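In what follows, a single structure is set out as structure tokens and then discussed.
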There are 2 protein chains.
Amino acid sequence: MARAATTSDVFNAVAEPSRRALLDCLAHGELAVGALVDQTDLEQPSVSKHLRVLHAVGLVTSRRDGRQRFYRLEAQAMRPLHAWVRTFDRYFERQLERVKERAESTRREHPRKEPS
Amino acid sequence: MARAATTSDVFNAVAEPSRRALLDCLAHGELAVGALVDQTDLEQPSVSKHLRVLHAVGLVTSRRDGRQRFYRLEAQAMRPLHAWVRTFDRYFERQLERVKERAESTRREHPRKEPS
DNA sequence: TTTACATATTCCAATCTAGGCATATATTGA
DNA sequence: TCAATATATGCCTAGATTGGAATATGTAAA
């Protein structure tokens with residue numbers, strides 16, 4: 001079996017750095033394809049193809065205005081990714097605590113409250 | 001050019017559902033390969049191969065104990081992913097606000113504050 | 001040493017990819 | 001209708017993959 005399609009889910013769609021770059025651009029607001037080409041170092045066909053993938057997983061929607069086509073970020077499509085990553089939030093905290101505790105215990109053995 | 005290697009970064013590493021499943025298992029604590037095989041519907045060689053990828057990007061570390069090898073989650077390696085996803089937090093909120101505002105404006109017309 | 005157990009690696013097949021280039025489609029204006 | 005602009009699509013190639021089966025490596029016990 002081969003790798004899953006990039007259009008199979010949001011995880012695969014955002015695995016590509018260029019597509020993340022496009023989403024970063026769109027975070028500031030709706031943009032036409034040409035503007036995205038200008039703001040990245042991608043060729044126009046590449047941008048269109050990446051947008052197609054992003055559209056397939058629902059991360060962007062588009063609207064036509066004359067000959068231009070404007071793309072807009074649809075952040076709610078990022079929800080599964082968001083949710084999964086958040087699952088590990090406690091482990092970030094736990095590690096922070098561990099670091100703090102270790103730093104503490106080198107000086108003396110008393111927990112503190114304030115982080116740096 | 002082909003797709004980037006799964007070992008190129010955390011984004012590519014977690015794009016694979018099986019690897020996310022493994023990380024989910026390891027979130028409860030250190031586990032040997034055999035336990036991971038039991039807790040998933042993956043064959044042993046697949047588990048080993050996926051763990052190799054996860055190790056390559058720093059998402060797990062391992063420790064040998066007799067003939068077993070225990071793997072442990074290294075959550076801090078998820079930081080780039082975590083940070084990127086958080087970038088879009090405000091858009092989740094903004095969308096919520098938009099929904100609320102729309103509900104408001106259907107009743108009456110009230111001027112908006114400012115975005116962000 | 002031999003055997004059994006736990007894990008890792010190799011080879012394979014079938015896909016899916018990203019970029020480059022050419023070209024098709026669509027819309028506007030002369 | 002014809003030219004110009006904006007975007008999308010098709011074709012190609014090299015490369016990277018996943019799972020499966022077989023096998024190799026490594027450790028422990030008999």
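Below, each value reflects all heavy atoms present in this structure, side chains not excepted, and no hydrogens, waters or symmetry copies. Quick caveat, the model's predicted, so the values are computed rather than measured.
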Task: Stepwise side chain to side chain contact (heavy atoms under 4.5 Å, CB included) check, Leu59(B) with Leu26(B) - done: CA-CA 10 Å; Leu59(B) 277 168; Leu26(B) 292 175; over 6 Å; no
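Atom CZ of Arg64(B) sits in a crowded spot, with more than 12 heavy atoms from other residues, nucleotides or ligands closer than 6.0 Å.
Atom CZ of Phe70(B) is separated from atom C1' of dA6(C) by 11 Å (rounded to the nearest Å).
Here the shortest heavy-atom pairing between Leu36(A) and Cys25(A) reads CD2-CB, 3.6 Å.
For residues 21-46 of chain B, the salt bridge (Lys or Arg N to Asp or Glu O under 4.0 Å) pairs, not counting sequence neighbours, are Glu30(B)-Arg63(B). Residue pairs meeting the ring-ring contact (aromatic ring centres under 6.0 Å, His included) criterion with at least one partner in residues 59-82 of chain A, sequence neighbours excluded, are His82(A)-Phe92(B).
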Which atom pairs, one a donor and one an acceptor, fall under 3.5 Å between side chains of residues 4-13 of chain B and the rest of the protein, sequence neighbours left out?
from     : atom 1 : to       : atom 2 : distance (Å)
Ser8(B)  : OG     : Ala5(B)  : O      : 2.6
Ser8(B)  : OG     : Asn12(B) : ND2    : 3.2
Asp9(B)  : OD1    : Phe11(B) : N      : 3.1
Asp9(B)  : OD1    : Asn12(B) : N      : 2.8
Asp9(B)  : OD1    : Asn12(B) : ND2    : 3.0
Asn12(B) : ND2    : Ala15(A) : O      : 3.3

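Residues forming a side chain to side chain donor-acceptor pair (under 3.5 Å) with Arg3(B) (at least two apart in sequence, or on another chain): none. Not counting sequence neighbours, the partners of Ser48(B) by the side chain to side chain donor-acceptor pair (under 3.5 Å) test are Gln44(B). A search for side-chain contact (heavy atoms from CB on, under 4.5 Å) contacts involving Ser18(B) returns Glu16(B), Leu42(B), His50(B), not counting sequence neighbours. Listed by chain and number, the residues in a side chain to side chain donor-acceptor pair (under 3.5 Å) with Thr61(B) are Glu74(B) (sequence neighbours excluded). Here His55(A) pairs with nothing under the side chain to side chain donor-acceptor pair (under 3.5 Å) rule; sequence neighbours left out.
Listed in residue order, the members of residues 3-26 of chain B having a heavy atom less than 4.0 Å from DNA chain C are Arg3(B). Of the residues in residues 49-58 of chain A, those with a non-hydrogen atom less than 4.0 angstrom from any atom of DNA chain C are Lys49(A), His50(A). For residues 35-45 of chain A, proximity to DNA chain D is found at Gln44(A), Pro45(A), defined as any non-hydrogen atom under 4.0 angstrom from a strand atom.
Distances shown here put a side-chain N or O of Arg64(A) below 4.0 Å from the OP1 or OP2 atom of dT27(C).
Using a 4.0 Å heavy-atom cutoff across all strands shown, Tyr71(A) reaches sugar-phosphate atoms only and no base atom.
Set against dG19(C), dA8(C), dT7(D), the side chain of Ser46(A) has dG19(C) as its closest nucleotide.
Just one residue in the list Val60(B), Val47(B), Val53(B) forms a side-chain contact (heavy atoms from CB on, under 4.5 Å) with Arg19(B), and that residue is Val53(B).
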Give me, pair by pair, the N or O atoms of the protein and of nucleotides 28-30 of chain C that are less than 3.5 Å apart, along with how far apart they are.
none

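Using the six-membered ring where Trp is involved, Trp84(B) and Phe88(B) have ring planes that are perpendicular, over 60° apart on the 30 and 60° scheme.
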